[in-house]
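Computed from a predicted structure; not experimentally measured. Chain letters run A, B, ... following the sequence lines, proteins first, then strands; residues in each count from 1.
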Protein chains: 2
Amino acid sequence: MLKKRDIPRHRRLYEILRKHIVDRVYNEGDLLPSENELCRLYGMTRPTVRQSLAGLAADGYIIKHQGKGSIVHYLPREIGILSVSGTTTAVGDRNLKTKIIVKPVLITWPGDFMFPLNDLERESGCIYMERLRLLDGVPIFYDITYIANINLPRITSRQFEDRSLFRILREHYQIEIKGGEQRIKAINATPKINRFLKMKRGEPVLHLERKMETGTAGLHLYSSIFCNTAKYSIYGRF
Amino acid sequence: MLKKRDIPRHRRLYEILRKHIVDRVYNEGDLLPSENELCRLYGMTRPTVRQSLAGLAADGYIIKHQGKGSIVHYLPREIGILSVSGTTTAVGDRNLKTKIIVKPVLITWPGDFMFPLNDLERESGCIYMERLRLLDGVPIFYDITYIANINLPRITSRQFEDRSLFRILREHYQIEIKGGEQRIKAINATPKINRFLKMKRGEPVLHLERKMETGTAGLHLYSSIFCNTAKYSIYGRF
DNA sequence: AATTTTTACTTGTTAATACAAGTTGAATCA
DNA sequence: TGATTCAACTTGTATTAACAAGTAAAAATT
């Protein structure tokens, strides 16, 4: 596990404040403590505090208003790596489930992979996994994940649960998942996808292809996600 | 028009470097001048330069690599306010067209608007406009735009062209469009949407609902966009 | 009681400085 | 000739400082 002292201070404050917002220490519309107050509270200087707040603003947790303060903004909850509109983080995890359809397994990269791979990734083989996410018992995401087999010993024998891929990568392999890029389209699903998502033929499916940076240069996490957006839209910022 | 001196220096450097990247002064994979070189070139200090570069990194134009440099990354081209995968900014605008379906007109807000409106927006009436975007003669976006009628005199009598809504807002009304939030879903289109996008019944359509911040507090630009993603995906960063 | 002015906050911008950690290529050594 | 070490770069983190511009509430004025 990463030592606490290895995390930069601006990042640590970011996480503290993010958690306060997500845990509803503040209400929507409240003002966060001012920059000067946060300096005093956390023993940091204003540029460091401002870097944390800039990150929170970029990610949509707060809206900064010059002369007034930083206004708290609630975001739709995250399910796996996607934010789902029509939900709130207050609901908790009770009605969330993840089914592992294909446990992590080592394969060769598909011949026509959705994103270009660098040489190291291509040569290292691919860890492949399929999961289904359910909300209130209804499957909403069919998530296929790929990552190069670089310094990931015994990953195929580990247990996986909700959102645990990120945690396992972080805690056991010191791999931090960051943002990245995505391609989005609406498709008619294959029968297989319809079966997993329990949708009728002809119902449209949202298809996301994502390439996520990691803290390890040259190593990316790739996902192909099929979404049933009939009831819940996908939420994002741009 | 905003005076040049009113734009913060970090923002100006951001725009200079962004334009250099988009205009292909640098090739994909090239290194930008180092932070220290940019300080010397533009007469700024390192924190200011770093703020510009942080913005470029956040928007996907560069990838910063500690100890190495800032690596140039080409992004898919933008058509209206969306980035379209499978295109590059080098193509130019020759095969792009915009058709105005409904000229900007003052209406009352639809009763069940897609985003909550604040009191000022609700009371000010709504400027409404519909456009169709075509690439190579093929309609790919059907874009419906709403903005509150706040300090927008004579906007309904102005001429609109490609991407000109942002320019008119900026140049004539000093309104700067920023990022915001969006909801995404896959839908079966109504016959009207099918007709505009020249799609067959049963072909799926991507539907984006966007709320964009502006530099004017409390004023937002709203868009409902229907996309034909059969040939071109929508590209985004997260 | 209403309006205006002032004060004390807030965030935004910019500069200067120092050291940490990562990368690359030249120099040195075996 | 290949391996190792070192120097000179790069970006990353953090502090200190000063002033600009926006907001809200208290105080003063009418």
Side-chain angles (χ1 to χ4, degrees), chain A residues 2-15 17 26 29-58 61-73 120 174 176 178 213-219, chain B residues 2-15 17 26 29-58 61-73 120 174 176 178 213-219:
Chain A
L2 276 176
K3 294 184 222 74
K4 199 174 174 67
R5 65 177 175 80
D6 289 336
I7 299 174
R9 307 186 87 199
H10 69 82
R11 190 71 211 164
R12 263 198 271 143
L13 181 59
Y14 170 96
E15 287 297 339
L17 295 173
Y26 305 102
D30 279 3
L31 296 176
L32 282 186
S34 69
E35 291 173 7
N36 285 333
E37 279 182 277
L38 291 171
C39 291
R40 289 192 289 274
L41 273 169
Y42 295 98
M44 295 177 195
T45 58
R46 217 179 137 227
T48 306
V49 165
R50 283 178 57 78
Q51 191 170 351
S52 306
L53 294 175
L56 288 166
Y61 292 102
I62 61 174
I63 297 165
K64 287 157 131 250
H65 196 143
Q66 181 177 0
K68 181 169 185 168
S70 300
I71 304 162
V72 168
H73 181 54
L120 182 58
Q174 285 70 57
E176 200 76 30
K178 297 175 173 175
E213 305 289 325
T214 69
T216 306
L219 178 66
Chain B
L2 277 177
K3 294 184 220 76
K4 198 174 173 71
R5 66 177 175 79
D6 288 336
I7 300 174
R9 305 186 88 198
H10 70 83
R11 189 71 213 164
R12 264 197 271 144
L13 181 58
Y14 170 98
E15 285 296 340
L17 297 173
Y26 305 102
D30 277 3
L31 296 177
L32 282 186
S34 70
E35 290 172 8
N36 285 333
E37 281 183 274
L38 292 170
C39 291
R40 289 193 290 275
L41 273 169
Y42 294 97
M44 296 176 197
T45 59
R46 216 177 139 225
T48 306
V49 164
R50 282 178 58 78
Q51 191 170 351
S52 307
L53 295 176
L56 289 165
Y61 292 101
I62 60 173
I63 298 164
K64 290 160 131 245
H65 196 145
Q66 181 175 357
K68 181 169 188 167
S70 301
I71 303 162
V72 167
H73 182 55
L120 183 57
Q174 285 71 56
E176 200 75 30
K178 298 175 174 176
E213 306 290 326
T214 68
T216 306
L219 178 66

**Request:** Indicate yes or no for a side-chain donor-acceptor contact from A:Ser70 to the backbone of A:Leu32 under 3.5 Å, with no hydrogens or angles considered.
**Result:**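 No; zero donor-acceptor contacts below 3.5 Å.
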**Request:** May I ask you to test the A:Val72-A:Leu31 pair for a side-chain heavy-atom distance under 4.5 Å?
**Result:** no
**Prompt:** Do A:Tyr61 and A:Tyr26 come within less than 4.5 Å of each other through their side chains, counting heavy atoms only?
**Reply:** no
**Fill in**
Heavy-atom closest pair (B:Pro33 atom, B:Leu38 atom, distance to 0.1 Å) is O-CD1, 3.6 Å
**Item:** Where A:Ile62 and A:Leu53 come nearest, the two heavy atoms and their spacing
**Value:** CD1-O, 3.6 Å
**Prompt:** Expressed in angstrom and rounded to an integer, what is the separation of A:Ile71 atom CD1 from D:dG22 atom P?
**Reply:** 16 Å
**Request:** For each nucleotide in nucleotides 10-17 of chain D, reading 5' to 3', give B when a protein heavy atom comes within less than 4.0 Å of its base, S when such contact involves only the sugar-phosphate, and - otherwise.
**Result:** BBBBSBB-
